[in-house]
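For reference, the structure is listed below as structure tokens.
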Amino acid sequence: MIEYRDVSVLRGGTAILDRITLNIDKGERVAFLGRSGAGKTTALKVINGLIAPSSGDVIVDDRSTSQHALPLLRRRIGYVMQQPALFPHRNVLDNVATVPRLLQWAEERIRAESERLLEQLELPVSAFGARFPRMLSGGQQQRVAIARALIAAPEIVLCDEPFSALDPIIRGEMQTLFVGAVRASGAPEARTTPTTLVFVTHDVREALRIAERVIVFDEGRLVVDTPADAFMSHEHPLVRRFVEA
Amino acid sequence: MNELLRLTGEHLLIVAIAVTIAIAAGVPLGTFAHRRRRLGGVALRITDIVQTIPSLAMFGFLIPLPFVGGIGARPAIVALVLYSLLPIVRSTLVGLDRVDAHVREAATAMGMTDRQLLWSVELPLATPAIVAGIRIASVTAIGVATIAAAVGGGGLGTLIFRGVSMVDTRLILSGALPAALLAIGADLVLTQVERYFARRRGEA
């Protein structure tokens, strides 16, 4: 599904990503773990072409991202970042409808899917649909951002520390809601293949809670690639530091 | 009284035509300046320089020019367009610059093309700033238009200049007061428009 072939990203002579080779299968839930500046966000953004590799290739769906028409590819990839970054001039329903409208779905279908998804994220449309982002709390805004990313049943969902700006109690609830929503994302006919999830975080517990595979980045390099259930006993010194922190 | 109404109408018409042209040119120019930093900087510098030319001198420059210049309403409109351009270009640029980078990133990551990003996110979010520029341009144009009478451009300045040459204070005031009221009125109305758009974009 997603394949990194010797991918490097250089900025001003330094390697932000240093010759990454990596395979992520369809339906896998992967966490990119690392300290800040480790390159995990860059590794995420090369998947939907927000950042172009300086060398090497990222293959998504059997084609290099440099060969894809990026806007079309991105409509099939959900994206959630630390900031909800909702469109301030659009209400909740219109924010959620962004990708379906780009895909020219019928309005009834958009409405039905939005209602189902927002309900699941505990933001009933009757109460929240017409509200504008400024009228929502941070946690509510982030749930709308999640709905906006999941509405069109994307094959891939990319998350960049989506919960790190929230307070710890809400964060826990959000992680649970999020996993449920990702599993149930999309219309039934699109649900036959599970969503591939790539989740960037610096929080070990969050990584283990959400992912089944953990990849650790350090100074632009991929240093550990392990199943989540073997992470706690992994011997790499950086993992030990993460575990003991 | 009749003449006062006619001249007020003329005044407003000159300003309206000039500001409309300035919007039609200034918003695309500001958008361009936002996308192409260096060329945009040059464009902004030029409108900056134009803005510093004293208005009477500007009309003086325009008189000998063919096509755009001469005597009458045409050079008046040309001068007002030049003066209106800067605030509109600049406010468009500022409005677009102020769009949250994260919001822009989200729009791109959702799969919007550059054009969709511009039309459905950036320009709507920049609208209050653009309207602010239009407000400043309009108020300035209403003021400068009084001087247009010096080159036969018509408008309320006609009464002021006539009053000055006849040393008739009442005549001067009959042109100056309505011109001032027009400027204040335009400012009030456009401030409301600005607030309306700010509310709509979800701010106030």
Side-chain angles (χ1 to χ4, degrees), chain A residues 41 44-45 47-51 68-92 94-104 130-136 141-142 144-152 154 156-160 162 165, chain B residues 23 27 30-31 34-38 88 91-135 190-204:
Chain A
T41 294
L44 188 81
K45 288 182 177 179
I47 298 174
N48 62 357
L50 288 178
I51 293 175
H68 275 286
L70 286 175
L72 298 182
L73 176 68
R74 287 171 182 147
R75 291 171 200 175
R76 294 158 46 205
I77 301 179
Y79 186 68
V80 188
M81 45 191 170
Q82 186 175 338
Q83 303 76 11
L86 299 177
F87 302 124
H89 59 308
R90 294 185 177 170
N91 67 23
V92 167
D94 287 334
N95 262 284
V96 175
T98 305
V99 179
R101 289 206 176 120
L102 291 172
L103 296 170
Q104 298 179 320
R131 291 205 202 172
F132 281 84
R134 67 176 189 279
M135 304 153 92
L136 304 175
Q141 288 189 29
Q142 196 57 293
V144 176
I146 290 169
R148 185 175 64 173
L150 296 182
I151 180 80
I156 300 171
V157 174
L158 308 178
C159 295
D160 189 5
Chain B
I23 293 170
V27 174
T31 307
H34 172 70
R35 293 274 157 127
R36 298 273 168 80
R37 283 284 143 189
R38 202 161 305 159
I88 294 175
S91 64
T92 303
L93 180 64
V94 168
L96 291 173
D97 279 350
R98 252 195 245 143
V99 174
D100 184 354
H102 296 298
V103 169
R104 203 176 275 131
E105 181 180 335
T108 305
M110 304 280 117
M112 287 191 194
T113 60
D114 274 356
R115 182 176 296 198
Q116 287 165 333
L117 172 67
L118 179 68
W119 285 101
S120 64
V121 178
E122 292 180 321
L123 282 177
L125 290 178
T127 303
I130 295 172
V131 175
I134 293 172
R135 176 172 58 83
L190 287 166
T191 301
Q192 290 309 311
V193 176
E194 206 178 312
R195 291 222 179 109
Y196 167 78
F197 279 111
R199 263 199 303 277
R200 262 200 12 175
R201 76 161 250 194
E203 268 190 340

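These figures come from a predicted structure and were not determined experimentally. Because only heavy atoms are used, hydrogens play no part in the values below, and waters and symmetry mates are left out as well, while side chains stay in. Letters A, B, ... mirror the listed sequences (proteins, then strands); counts begin at 1.
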Worksheet item: Quick one: what part of Ile77(A) sits under 4.5 Å from any heavy atom of chain B, side chain, backbone, both or neither?
Response: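 Contact with chain B is through the backbone of Ile77(A) alone.
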Item to complete: Just give me the residue among Val99(B), Val121(B), Asp100(B) that pairs up with chain A most often, heavy atom to heavy atom, under 4.5 Å.
Response: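 Top count of heavy-atom pairs under 4.5 Å with chain A: Val121(B).
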When you compare the side chain of [Y] with that of [X], does any pair of heavy atoms fall below 4.5 Å?
X	Y	result
Val144(A)	Pro133(A)	no
Leu136(A)	Arg131(A)	yes
Trp119(B)	Met112(B)	no

Discussion item. Distance alone, cut at 3.5 Å: any donor-acceptor contact between the side chains of Thr113(B) and Gln116(B)?
Written reply: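 There is such a pair between these side chains.
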Worksheet item: Do any of residues 95-104 of chain A come closer than 4.5 Å to chain B, heavy atom to heavy atom, and if so which ones, in number order?
Response: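 When heavy atoms of chain B are the reference, residues 95-104 of chain A contributes Thr98(A), Val99(A), Leu102(A) within the under-4.5 Å range.
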Worksheet item: Is it the backbone or the side chain of Ala107(B) that comes under 4.5 Å from a heavy atom of chain A, or both, or neither?
Response: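 Looking at Ala107(B), backbone and side chain both touch chain A.
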Worksheet item: How about Arg35(B): does its CZ atom have over 12 heavy atoms from other parts shown lying under 6.0 Å from it?
Response: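 Buried by this count: over 12 neighbours within 6.0 Å.
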Item to complete: Answer yes or no: are there more than 12 heavy-atom neighbours, outside Arg37(B) itself, under 6.0 Å from its atom CZ?
Response: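 Atom CZ in Arg37(B) is crowded, with more than 12 foreign heavy atoms closer than 6.0 Å.
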Worksheet entry | Distance, nearest 0.5 Å, that separates CD1 of Ile23(B) from CD1 of Ile134(B) |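 The CD1 atom of Ile134(B) is 3.5 Å from CD1 of Ile23(B), to the nearest 0.5 Å.
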